[in-house]
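Working notes, structure below.
The shown structure was predicted, so the numbers you read here are calculated from the model rather than taken from an experiment. Every heavy atom of this structure was used, including side-chain atoms; hydrogens, water molecules and symmetry mates were not.
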Amino acid sequence: MTWSRLFVSEYFSVFVVFVATLPLLAGWACYWVAMRPSLVAVFVPRDLQTSYLGALTLPFALFLAFMVSDIWNRETLYARTVLQEVQRLDAVLDIARVCGPSCAPVDDAAGAYARALSRYEWDEGWVRPQPEVSTAFAVLVEAVARSSADAAVPNYIRSTLLASQIELRRLRTDRYFILHADLAPHRWIVVMVLGMLSLIGLAALHVGKRYQLIIGLSTFAIAFSTTLAYTVALSWPTVDESIVPSEELRRVLE
């Protein structure tokens, strides 16, 4: 098990909570520093223009908005890809059952591949192609090859099975790409840095003003924490009935 799967599977909720506490801790630290007597004695907040805070928060808000938009779009692409994968598996099962006993190995292999996908890759803990799924897909490829070599199988069924096999391989590759395309670590670092700078700027405008600091820092830190935690939670899409109709999902897994 890699560290990335550890964070996004068994301890994913703990990881989200940890990320959510960082802005709150940063807000408390800014309040503590802004109320230090030594800083209050030498720092004059009125020397700062109100536009100073806007110059910090605007890049933060824009960058986070674009990042969340990218993640929402990626969530939609991921859901669509998984749905196509389920539909293709459903079609393979239909073809195998129409074909009859000659395609029984394809029926069994397609079901085994679907169950392997559901267990190892159709969840929020999937970070890279899993060996168990690759093995199940290899069994499916072998089953399609054996059925194609059977003279009792019509040519149109052979062609359809081969096209389905190629499509399933492509969809799995697409799913991997979609999951990782917009998760560059530097994006999260930029969001954290801009958010922390906004907290510092908010504290600088109210040095020594207890109630203004409490209201300003707490509201911004809570909003920052909530948005960041929600964004992290969306970063690892999972498969459930909201993405794939339950009856289709149940059919390919049974």
According to ring pair (Phe, Tyr, Trp, His ring centres under 6.0 Å), who are the partners of F220, at least two apart in sequence or on a separate chain?
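Residues passing ring pair (Phe, Tyr, Trp, His ring centres under 6.0 Å) with F220: F60.
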
Give the cluster check for I215 versus L217: same hydrophobic cluster or not, with ILVMFWY residues linked at side-chain heavy-atom distances below 4.5 Å.
no

For the atom pair [atom1] ([X]) and [atom2] ([Y]), what is the distance rounded to the nearest 0.5 Å?
X	Y	atom1	atom2	answer
L140	L161	CG	CG	9.0 Å
R97	I95	CZ	CD1	12.0 Å
L93	D108	CG	CG	10.0 Å
T173	I178	OG1	CD1	10.5 Å
E167	Q84	CD	CD	7.0 Å

Can you run down the side-chain hydrogen bond (donor to acceptor under 3.5 Å, both in side chains) pairs that involve residues 131-142, sequence neighbours left out, and say none if there aren't any?
S134-R172, E142-R146

According to the side-chain hydrogen bond (donor to acceptor under 3.5 Å, both in side chains) rule, which pairs have a member within residues 206-219, sequence neighbours left out?
Y31-R210

Steps toward side chain to side chain contact (heavy atoms under 4.5 Å, CB included) verdict (L22, L228)
CA-CA 10 Å; L22 293 179; L228 187 63; 5.5 Å; no

Donor-acceptor contact present, side-chain [X] to main-chain [Y], <3.5 Å:
X	Y	answer
S159	Y156	no
T81	L77	yes
R119	V133	no

Test side chain to side chain contact (heavy atoms under 4.5 Å, CB included) on W28 and L24; report intermediate values, then the result.
CA-CA 6 Å; W28 179 85; L24 301 177; over 6 Å; no

Could you go step by step and tell me if V191 and T231 meet the side chain to side chain contact (heavy atoms under 4.5 Å, CB included) rule?
CA-CA 11 Å; V191 167; T231 305; over 6 Å; no

